[in-house]
Amino acid sequence: MKKNNLIIFDFYGVLAGEIAPNFFRNHFEEENASILKEKYFKPADLGEYDLKELFTKMAQDLGFSYEEIYNEFKSYIKPNDELFEYLLKLKKTNYVALLSNAVKGLFKAYFPNLDFDKYFDKHFISAYYGLAKPDFKFYELCVNSFNIKFDNIIMIDDKIYNVKDLYKIGIKGIQFKNNKELFSELDKYL
């Protein structure tokens, strides 16, 4: 029997390394890198175009080939294996969800063998809903889909702006820094 807790995880920066920020930082000054990431990924995360369209647009605008972008993104893939194992334990006694800002096709391209059902009770990818963090509606969509009154709802994300105001909608936000700190923080609630 599951406890009455919902633990929601971000993917990139938590369960796997960041991809897009690394690409932009690798090629552009910090200020421009942030602007370019926002320009290309914000609409893609909302489903305005898929991964192929995104990389084609970036290649045309930024002077890279499609293959260079695809392969560099692939080089940044670093799954957090210890945390994936922890998810399996969590899921035995808690509800576990994925809430990720991501482009259509990104998971299929870079994580083709990821069995979402093995690790998560439910998963929500922003591009398929036209909503993205930190929009409260995206978090509420996830929570309300369970149709359960939880004792604790916890969101783990590496970006502080995605978790700092969640208390306003009844969610405890935890900024992910490393596995050890996360495990210790979760122990307080579970």
Practice task
Calculate, to the nearest 0.5 Å, the distance between atoms OG and OH belonging to Ser145 and Tyr95 respectively.
Solution key: 11.5 Å
Handout entry: Joint cluster assignment, Val163 & Tyr161, ILVMFWY side-chain distance < 4.5 Å
Key = no
Handout entry: Aromatic contact, Phe11 with Phe111 (centres under 6.0 Å)
Key = yes
Handout entry: Pairwise side-chain contact, Leu15 with Tyr119, heavy-atom cut-off 4.5 Å (strictly under)
Key = no
Practice task
Write down the atom of Ala109, the atom of Pro112, and the distance for their closest heavy-atom approach.
Solution key: O-CD, 4.1 Å
Exercise for the section: Side-chain contact test, heavy atoms from C-beta onward, threshold under 4.5 Å: evaluate it for Ser100 versus Phe124 and give yes or no. Expected result: no
Exercise for the section: May I ask you to say whether Glu18 pairs ionically with Arg25, meaning some side-chain N is under 4.0 Å from a carboxylate O? Expected result: no
Handout entry: Donor-acceptor pair, side chain of Glu53 and main chain of Asp50, under 3.5 angstrom
Key = yes
Problem - Side-chain touch Ile7/Ile156, heavy atoms, less than 4.5 angstrom - result: yes
Practice task
With Lys168 as the cation and Phe136 as the aromatic partner, state whether NZ or CZ is under 6.0 Å from the six-membered ring centre and within 45° of the axis.
Solution key: no
Practice task
For Phe55 and Phe73, run ring-ring contact (aromatic ring centres under 6.0 Å, His included): C-alpha distance rounded to whole Å, both residues' side-chain angles, the deciding distance at 0.1 Å, then the answer.
Solution key: CA-CA 10 Å; Phe55 285 178; Phe73 270 58; 4.8 Å; yes
Exercise for the section: Would you confirm whether the ring centroid of Phe146 sits within less than 6.0 angstrom of the ring centroid of Phe150? Expected result: yes
Exercise for the section: For Ser126 and Asp45, indicate whether the former's side chain and the latter's backbone hold a donor-acceptor pair under 3.5 Å. Expected result: yes
Problem - Shared hydrophobic cluster for Ile171 and Leu141 (ILVMFWY, side-chain gaps under 4.5 Å) - result: yes
Handout entry: Linked, directly or transitively: Leu88 and Leu98 (ILVMFWY side chains, under 4.5 Å)
Key = yes
In a table with atom names and distances, give each donor-acceptor pair under 3.5 Å that connects a side chain of residues 182-190 to protein atoms at least two apart or in another chain.
from	atom 1	to	atom 2	distance (Å)
Glu185	OE1	Lys188	NZ	3.2

Problem - Side chain proximity check, Val143 to Ile8, heavy atoms < 4.5 angstrom - result: yes
Problem - Connected via hydrophobic side-chain network under 4.5 Å: Leu46 and Ile35 - result: no
Handout entry: Residue that, paired with Asp157, satisfies side chain to side chain donor-acceptor pair (under 3.5 Å) out of Gln175, Lys164, Lys133
Key = Lys133
Exercise for the section: Examine Met58 and Ile77 and state if one hydrophobic cluster contains both, with Ile, Leu, Val, Met, Phe, Trp and Tyr joined whenever side-chain heavy atoms are less than 4.5 Å apart. Expected result: yes
Problem - Asn101 side, atom CG; Asp135 side, atom CG - distance, nearest 0.5 Å - result: 10.0 Å
Exercise for the section: Say whether, by atom type as modelled, one donor and one acceptor occur between the side chain of Asn80 and the main chain of Val14 under 3.5 angstrom. Expected result: yes
Practice task
Report yes if the side chains of Lys52 and Tyr66 come closer than 4.5 Å at any heavy-atom pair, otherwise no.
Solution key: yes
Completion exercise
So CD1 of Ile153 and CG of Asn5: to nearest 0.5 Å the spacing works out to 9.5 Å
Practice task
Could you tell me the separation between the NZ atom of Lys108 and the CD1 atom of Ile125, rounded to the nearest 0.5 Å?
Solution key: 14.0 Å
Exercise for the section: Check the pair Phe24 / Asn32 against side chain to side chain contact (heavy atoms under 4.5 Å, CB included), numbers first and verdict last. Expected result: CA-CA 8 Å; Phe24 289 107; Asn32 288 335; over 6 Å; no
Exercise for the section: Please report the shortest heavy-atom distance between Ala127 and Lys104, naming the atom on each side. Expected result: O-CE, 3.3 Å
Fill in the blank from the handout: Value for CZ (Phe9) from CG (Leu99), rounded to nearest 0.5 Å, stands at 12.0 Å
Problem - Side-chain heavy-atom pair Phe64, Phe23 within 4.5 angstrom cut-off - result: yes
Problem - Atom NZ of Lys57 with >12 non-hydrogen neighbours under 6.0 angstrom - result: no
Exercise for the section: Assess whether side chain to side chain contact (heavy atoms under 4.5 Å, CB included) is satisfied between Lys91 and Asp121, documenting all intermediate values. Expected result: CA-CA 8 Å; Lys91 192 177 174 200; Asp121 293 295; 3.4 Å; yes
Handout entry: Verdict with reasoning, Asp117 to His123, per side chain to side chain contact (heavy atoms under 4.5 Å, CB included)
Key = CA-CA 8 Å; Asp117 294 334; His123 56 276; 4.2 Å; yes
Practice task
Could you tell me whether Phe107 and Phe116 have their ring centroids closer than 6.0 angstrom?
Solution key: yes
Handout entry: Stepwise side-chain hydrogen bond (donor to acceptor under 3.5 Å, both in side chains) test for Glu72 and Asn26
Key = CA-CA 10 Å; Glu72 186 170 337; Asn26 193 34; 2.9 Å; yes
Problem - Heavy-atom side-chain proximity of Cys142 to Lys122 below 4.5 angstrom - result: no
Practice task
Write down the atom of Pro79, the atom of Phe84, and the distance for their closest heavy-atom approach.
Solution key: CB-CE1, 4.3 Å
Exercise for the section: Would you check if the distance from the ring center of Tyr70 to the ring center of Tyr110 is below 6.0 Å? Expected result: yes
Exercise for the section: Work out which heavy atom in Tyr12 is nearest to a heavy atom in Ala102; give both atom names and the distance. Expected result: CE1-CB, 4.3 Å
Completion exercise
When rounded to the nearest 0.5 Å, the distance separating OH of Tyr49 from CG of Leu51 is 11.5 Å
Problem - N/O donor-acceptor pair under 3.5 Å between Glu68 side chain and Ser65 backbone - result: yes
Exercise for the section: Carefully, step by step, assess Asn94 and Leu6 under the rule side chain to side chain contact (heavy atoms under 4.5 Å, CB included). Expected result: CA-CA 6 Å; Asn94 301 276; Leu6 172 61; over 6 Å; no
Practice task
Return yes if some donor-acceptor pair links the side-chain N/O of Tyr139 with the main-chain N/O of Asn162 below 3.5 Å, else return no.
Solution key: yes
